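On a predicted model such as this, the values are computed, not experimentally measured, just so you know. Atoms within a ligand are numbered from 1 in the order they appear, just like the ligands themselves.
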Amino acid sequence: MNKKIDEIKNRAEGEIKNCADLKSLEDIKIKYLGRKGELNQILRSLGDLSLEEKKVIGPKAQSLRNELDVLIENKKNEFLSKKSRNSLDVTRPGKKIKIGHLHPLTIIENEIIDIFRSMSFSIIDGGPEVETEYYNFDALNIPKNHPAREMHDTFWLQDNQKQLTHDTKQLTESQRSKVKGQKLLLRTHTSPMQIRYMETHKPPFQIVVPGRVFRYEATDASHEINFNQIECLMVGKDVNLTNFKYIIQEFFTRLFKKKLEVRLRPSYFPFVEPGLEIDIQCVKCGGKGCNICKESGWLEIMGAGMVHPNVLKAGGYDPREYQGFAFGLGCERVAMLKYNIPDIRMFYSGDLKFINQF
Ligand code: DAH
């Protein structure tokens with residue numbers, strides 16, 4: 001019996017080693033380790049042996065069983081890994097790796113800027129988000145106690161003096177005298193940059209200024225406490241409303257990639273005269289009337305006008321010599337129209353289901 005086990009061991013090891021595929025490995029397993037396999041037959045016949053023999057043969061047969069089990073398992077893994085290596089097709093296109101992408105507002109801002117740059121406007125970096133009462137209101141022809149201040153619900157800052165001493169270090173002497181003792185606020189629009197730019201540049205020029213602005217308001221589907229504007233200002237000796245209308249018509253046509261009519265309606269903003277509300281033909285229905293334009297065929301898109309003489313004066317220009325136009329465009333409003341976004345709060349929600357669509 002002892003010899004028989006040795007013989008089985010040699011034979012089985014050889015067969016496993018030389019075995020060619022998974023199927024014959026399975027046969028070998030059945031032949032030696034199966035219920036009716038050779039080793040089980042030996043173990044089953046232990047009862048016929050003497051006690052002495054049992055003590056030797058039993059453990060020996062059992063340990064051979066374990067050994068063959070391991071050998072078969074290893075051989076099997078060898079076959080499997082070879083198989084997966086053979087099935088690797090290096091000519092197949094690779095898996096697409098997910099990389100980051102721009103936020104919809106950044107995409108829109110870049111597009112707007114690109115269009116204006118192609119029309120020879122200079123792109124001016126935003127200016128301070130913490131602004132003085134002077135630049136945000138007074139210099140823009142919105143004096144204290146003027147009812148127009150109510151159009152801008154304002155975040156006022158408390159610790160004024162400390163921030164002012166920090167801020168004034170970068171200012172020229174004449175600017176410093178204007179902001180001395182000023183109350184500070186989070187700018188409610190990008191229009192203060194009109195003054196800051198005029199103070200330090202000579203006309204003629206045409207600029208656009210993207211920037212973040214803040215309003216102390218209740219939020220809803222079309223109001224946020226912080227949003228983004230693009231301010232535009234063009235000043236020269238004979239800049240007029242015809243120039244303005246041509247430029248914005250061209251701009252909106254390029255932005256929405258279809259010919260869009262523009263409509264100018266009289267409106268009021270203290271820093272322009274005349275003040276205008278600008279409508280574009282509905283980007284969805286093209287003017288026929290739909291749910292987006294509330295059946296009117298037109299969409300209100302931005303405020304604009306000819307720069308008020310008082311504003312030119314505050315910028316250091318003679319209003320009898322220079323004139324210009326200005327407008328303020330809301331980036332969120334444009335993005336909502338272009339991408340059909342129903343709620344302004346989605347931009348800052350951090351909701352990946354929303355963000356990943358861009
Ligand atoms: N600053 C205005 C606002 O935020 C928008 C605006 C209106 C800007 C008319 C302009 C303008 O430059 O001419 O409500």
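Between Q194 and ligand 1, a contact under 3.5 Å exists for at least one N or O pair. Of the N or O atoms in S191, one or more lie within a sub-3.5 Å distance of an N or O in ligand 1.
Nearest protein neighbour of atom 8 (C) of ligand 1, counting heavy atoms only, is G328 N, 3.3 Å. The protein atom (non-hydrogen) at minimum distance from atom 12 (O) of ligand 1 is E231 OE2, 2.7 Å. Shortest contact from atom 14 (O) of ligand 1 to any protein heavy atom: R215 NH2, 3.6 Å. The protein atom (non-hydrogen) at minimum distance from atom 11 (C) of ligand 1 is F271 CE1, 3.6 Å.
Of the listed residues (R11, K9, K4), just one forms a salt bridge (Lys or Arg N to Asp or Glu O under 4.0 Å) with E38, and that residue is R11. Each of L140, L312, D138, N136 was scored for a side-chain contact (heavy atoms from CB on, under 4.5 Å) with I195, with one residue passing: L140.
Smallest separation of non-hydrogen atoms from R35 and N40: O-ND2, 3.1 Å. Nearest approach of I72 to L25, heavy atoms of both residues: O-CD2, 3.6 Å.
The side chain of F269, and not its backbone, has at least one atom closer than 4.0 Å to an atom of ligand 1 (non-hydrogen atoms only; side chain from C-beta on).
Close approach of ligand 1 to Q229 is summarised as follows: ligand atoms under 4.0 Å from at least one heavy atom of the residue are 3 (C), 4 (O). The contact set between ligand 1 and A326, taken as ligand atoms under 4.0 Å from a residue heavy atom, comprises 12 (O), 13 (O). Residue contact check: G305 has heavy atoms under 4.0 Å from atoms 13 (O) of ligand 1.
Every heavy atom of M302 sits 4.0 Å or more from the atoms of ligand 1.
Legend: salt bridge (Lys or Arg N to Asp or Glu O under 4.0 Å) pairs involving residues 211-238, not counting sequence neighbours, sorted by first then second residue: K237-E321. The side-chain hydrogen bond (donor to acceptor under 3.5 Å, both in side chains) analysis of residues 276-289, with sequence neighbours excluded, yields the pairs R263-D279, R265-D279, K284-N291.
Using cut-offs of 30° and 60° on the angle between ring planes, the pair F205 and Y197 is perpendicular.
Side-chain atoms of Y32 and I16, non-hydrogen and from C-beta on, never get closer than 4.5 Å to each other.
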